[in-house]
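All residue numbers in this chain count up from 1 along the given sequence. Given the structure is predicted, the values throughout are model-derived calculations rather than measurements.
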Amino acid sequence: MPPKKRARVSQTADSGKGDNGETVSSKSKAAAKSGPKKKSSESPQYCHWLMKSEPESRFENGIDVKFGIEDLKASPDQTNCWDGVRNYQARNFMRQMKEGQLAFFYHSNCKEPGIAGIIKIVKESYVDHTQFDKKDVHYDASSKPDNPKWSMVDVQYQRMLKRFLPLSELKKYHLQHQAEGGPLKDMALFTRARLSVQPLTTEEFDFVLSLEDEEPL
């Protein structure tokens, strides 16, 4: 029997994973709502995301935690749950996610990390069952069924990017924008790098998406 596969992000981050005929162009706006928006003292509401998972095999307690975008694409209906997130901030971001919003699928903890494609949120946050499974690598003995700590969402494969966008290239833009001004100057991929689930502003999402049509920097 092949090893069980779970969504998982880089060891250096917290633990953590649509084609339905819908096309996603380089000028797509990801969701009907524009964002981010602020209401008084409430946290900003985002509508774009970056989600990290490991595309290369790595075993924990005999279970392969590998889950790359190709694994999502091969899932039934090209859909799977994004389980195993064990960081409160990353979990809270998932709880903000709305059905229909788009995210970048980011390959982490691998030879060449970077953005591989686009996925869509197809089910909003609900209880992550792996926290109660003693056989699961993401089991959390401190979490109780009547007061669960951890949530997950369902995501669906949309498409691969026209070209893979490596972390090294994105970092060049980040540093350039920090020095000269630009949409990636505060990108969470560099300012909150350890998070496996990260918010993106519409400006950040659109700029990164536009890079698939550009020559590598």
Treating [X] as the side-chain partner and [Y] as the backbone partner, does any N or O pair qualify as donor plus acceptor under 3.5 Å?
| X | Y | value |
| --- | --- | --- |
| Thr79 | Asp77 | yes |
| Ser151 | Ser125 | no |
| Ser53 | Phe67 | yes |
| Asn61 | Ile63 | no |
| Asp133 | Lys135 | yes |
| Arg159 | Gly117 | no |

Cut-off 3.5 Å, no hydrogens considered: what does the side-chain donor-acceptor table look like for residues 176-191, sequence neighbours left out?
unit_1: His177; atom_1: ND1; unit_2: Leu184; atom_2: N; d: 3.0
unit_1: Thr191; atom_1: OG1; unit_2: Asp186; atom_2: O; d: 3.4
unit_1: Thr191; atom_1: OG1; unit_2: Met187; atom_2: O; d: 3.2

* Asked: Leu50 and Phe105: side-chain contact (heavy atoms from CB on, under 4.5 Å), yes or no, with the steps?
  -> CA-CA 6 Å; Leu50 182 146; Phe105 195 118; over 6 Å; no
* To do: Walk me through it: do Ile118 and Leu209 pass the test side-chain contact (heavy atoms from CB on, under 4.5 Å)?
  => CA-CA 9 Å; Ile118 299 172; Leu209 193 57; 3.6 Å; yes
Looking at [X] and [Y], what are the two nearest heavy atoms and their distance?
| X | Y | value |
| --- | --- | --- |
| Ser75 | Asn80 | OG-ND2, 3.2 Å |
| Pro113 | Tyr106 | CB-OH, 3.6 Å |
| Gln198 | Ala193 | NE2-O, 3.7 Å |
| Val127 | Phe132 | CG1-CE1, 3.8 Å |
| Pro166 | Glu112 | CB-OE2, 3.6 Å |
| Ile69 | His107 | N-NE2, 3.1 Å |

* To do: Could you give me the CA-CA distance, side-chain angles and deciding distance for Arg86 and Thr130, then say whether side chain to side chain donor-acceptor pair (under 3.5 Å) is met?
  => CA-CA 11 Å; Arg86 296 296 181 266; Thr130 64; 2.9 Å; yes
Is any side-chain heavy atom of [X] closer than 4.5 Å to a side-chain heavy atom of [Y]?
| X | Y | answer |
| --- | --- | --- |
| Trp49 | Met94 | no |
| Phe205 | Cys47 | no |
| Glu99 | Lys123 | no |
| Gln131 | Lys144 | no |
| Tyr126 | Pro148 | no |
| Leu200 | Phe104 | yes |
| Glu124 | Lys98 | yes |
| Glu169 | Ile115 | no |

* To do: Using distance alone, with no hydrogens and no angle criterion, decide if Arg91 and Ser196 have a side-chain donor and acceptor under 3.5 Å apart.
  => no
Taking [X] first and then [Y], would you say they form a salt bridge - that is, a charged N and a carboxylate O separated by under 4.0 Å?
| X | Y | result |
| --- | --- | --- |
| Lys162 | Glu214 | no |
| Asp154 | Lys120 | no |
| Arg58 | Asp64 | no |
| Asp71 | Lys66 | yes |

* Cation-pi check, Lys171 onto Tyr173 ring (under 6.0 Å, within 45° of axis) -> no
* Asked: Out of curiosity, His138 NE2 to His129 NE2, how far, rounded to the nearest 0.5 Å?
  -> 10.5 Å
* First locate atom NZ of Lys52, then atom SG of Cys110, and finally report the distance between them rounded to the nearest 0.5 Å. => 10.5 Å
Is [Y] reachable from [X] through a run of I, L, V, M, F, W or Y residues, each pair having side-chain heavy atoms under 4.5 Å apart?
| X | Y | answer |
| --- | --- | --- |
| Val155 | Met152 | no |
| Met160 | Ile119 | yes |
| Leu170 | Phe207 | yes |
| Leu165 | Leu217 | yes |

* Asked: Quick one: are the ring centres of Tyr46 and His48 less than 6.0 Å apart?
  -> no
* Asked: What do you reckon, are the aromatic ring centroids of Tyr88 and Trp150 less than 6.0 Å apart?
  -> yes
* **side-chain contact (heavy atoms from CB on, under 4.5 Å) between Asp128 and Val85, worked out** => CA-CA 9 Å; Asp128 180 348; Val85 171; 5.8 Å; no
* Checking side-chain contact (heavy atoms from CB on, under 4.5 Å) for the pair Val153/Met51: CA distance, chi angles, key distance, verdict? -> CA-CA 11 Å; Val153 297; Met51 304 173 76; 4.2 Å; yes
* Let me see the working for Asp140 and Lys134 under salt bridge (Lys or Arg N to Asp or Glu O under 4.0 Å), right down to the final yes or no. => CA-CA 8 Å; Asp140 184 352; Lys134 293 182 179 180; over 6 Å; no
